[in-house]
Amino acid sequence: MTTKLFSRAQLKRNVSAAALRAVLIPDGRGSRAVTAHHLVWTLFADAPERERDFLWREHEPGVYYFLSDRPPRDEHGLFEVAPAKEFAPVLRIGDRVAFELRVNATVSRGGAPGVRGKPCDIVMDAIHGKAVGSRAEARKDALDGVAGAWMSRQGEKTGFAVERLEVLGYSSIDVERGRGRRVARLGVLDLRGVLSVLDGDALVSAVGAGFGRGKAFGCGLMLIRRA
């Protein structure tokens, strides 16, 4: 398995960078996710044919965390980039880790036998069929249950049990590209809690690969530390 690197980058606050700040950090979570999608690529796009080999998340506007195969390189003078650190935690059965995760969690629906169905956001899937006027309340009621069930399924596949889970928030963002054309609507869950390790190697591998979908737009990177 390729050794992963954990790093942090922050947009510079000097005069030239400050002049671009409103463009690089637009208002609105969806707009910011799309702009950051292009912005963080500048730190890793060292060749035209390069495919994404990193995960990222916005820590706060203008500050980003990365888990990558290569260290980020600021070729345009926009960032302050902290030295990358090797991500190689040694986890054993029974260890406890605290985590934070921003994730586009989905389930497959509508597929024929043997054919994968369309990915559906787990929260919107849970309230499908509810009257429009009652959806906000239904969504609120469904959050803990669907998030807990999804995390438990992830744990069964990737070597952990959920000891404690807190849903910090949920939002839908429209991911657009060019002239306002909508590509997708992503449901984004912000989660934190404590996991009990069942298979340390499997969990570390899963963290390196990322969880859920929407990874190009800042989802999927699980931050972990010993609890």
task = Output the distance between atom OG (Ser7) and atom CZ (Arg70), rounded to the nearest 0.5 Å.
result = 11.0 Å
ask   = Heavy-atom distance under 4.5 Å between the side chains of Thr42 and Glu75, does that happen here?
value = no
Inter- and intrachain pairs under side chain to side chain donor-acceptor pair (under 3.5 Å), touching residues 88-105, at least two apart = Asp95-Arg226, Arg96-Glu163, Arg102-Asp190
request  = Specify the closest pair of heavy atoms between Ile173 and Ala33, including all atoms of both residues, with the distance to one decimal.
outcome  = CD1-CB, 4.0 Å
query = Listed by chain and number, what are the side-chain contact (heavy atoms from CB on, under 4.5 Å) partners of Ala209, not counting sequence neighbours?
reply = none
key: Test salt bridge (charged side-chain N to carboxylate O under 4.0 Å, His left out) applied to Asp74 - qualifying residues, sequence neighbours left out   = none
key: Qualifying residues under side-chain contact (heavy atoms from CB on, under 4.5 Å), relative to Ala9, sequence neighbours excluded   = Leu43, Phe66, Phe79, Val81
inquiry  = Hydrophobic clustering (ILVMFWY, side-chain heavy atoms < 4.5 Å, transitive) - are Val204 and Val194 grouped together?
reply    = no
note = CG of Leu195 to CD1 of Ile224, rounded to nearest 0.5 Å, is 8.5 Å
Under 3.5 Å, sequence neighbours excluded: what are the donor-acceptor pairs made by side chains of residues 142-161?
residue	atom	partner	partner atom	Å
Ser152	OG	Gly148	O	3.0
Thr158	OG1	Gln154	O	2.6

message = Applying side-chain hydrogen bond (donor to acceptor under 3.5 Å, both in side chains), can you list everything that pairs with Ser171, at least two apart in sequence or on another chain?
response = Arg29
Contacts of Phe99 that satisfy ring-ring contact (aromatic ring centres under 6.0 Å, His included) - sequence neighbours left out = none
Approximate separation, where rounding is to 0.5 Å, of Leu5 CG and Asp69 CG = 8.0 Å
request  = Kindly work out whether a path of hydrophobic side-chain contacts (I/L/V/M/F/W/Y, heavy atoms less than 4.5 Å apart) joins Leu198 to Val162.
outcome  = no
key: Pairwise side-chain contact, Val167 with Leu191, heavy-atom cut-off 4.5 Å (strictly under)   = yes
note = Sorted by chain and number, sequence neighbours left out, salt bridge (charged side-chain N to carboxylate O under 4.0 Å, His left out) with Arg192 holds for Glu166
Main-chain N/O of Phe217 paired to His37 side chain as donor or acceptor, under 3.5 Å = no
note = Rounding to 0.5 Å, atoms OG (Ser68) and CZ (Arg52) come to a distance of 11.5 Å
ask   = For the hydrophobic clusters of this structure (ILVMFWY residues joined by side-chain heavy atoms under 4.5 Å, transitively), does one cluster hold both Leu11 and Val63?
value = no
ask   = Distance from Leu223 atom CG to Arg57 atom CZ, nearest 0.5 Å?
value = 5.0 Å
message = Is there a continuous path of hydrophobic side-chain contacts, each under 4.5 Å between heavy atoms, that joins Tyr64 to Trp41?
response = yes
query = In chain order, what residues pass the side-chain contact (heavy atoms from CB on, under 4.5 Å) check against Glu86, with sequence neighbours excluded?
reply = Thr3, Ala88
request  = For residues Ala105 and Leu189, report the shortest heavy-atom separation together with the two atoms involved.
outcome  = CB-CD1, 4.4 Å
Note, Val97 side chain near Met222 side chain (heavy atom, < 4.5 Å) = no
task = Give a yes or no on this: more than 12 heavy atoms of other residues, nucleotides or ligands lie within 6.0 Å of atom CZ of Arg8.
result = yes
inquiry  = So, taking the atom named CZ in Phe211 and the one named CG in Leu221, what distance separates them when rounded to the nearest 0.5 Å?
reply    = 10.0 Å
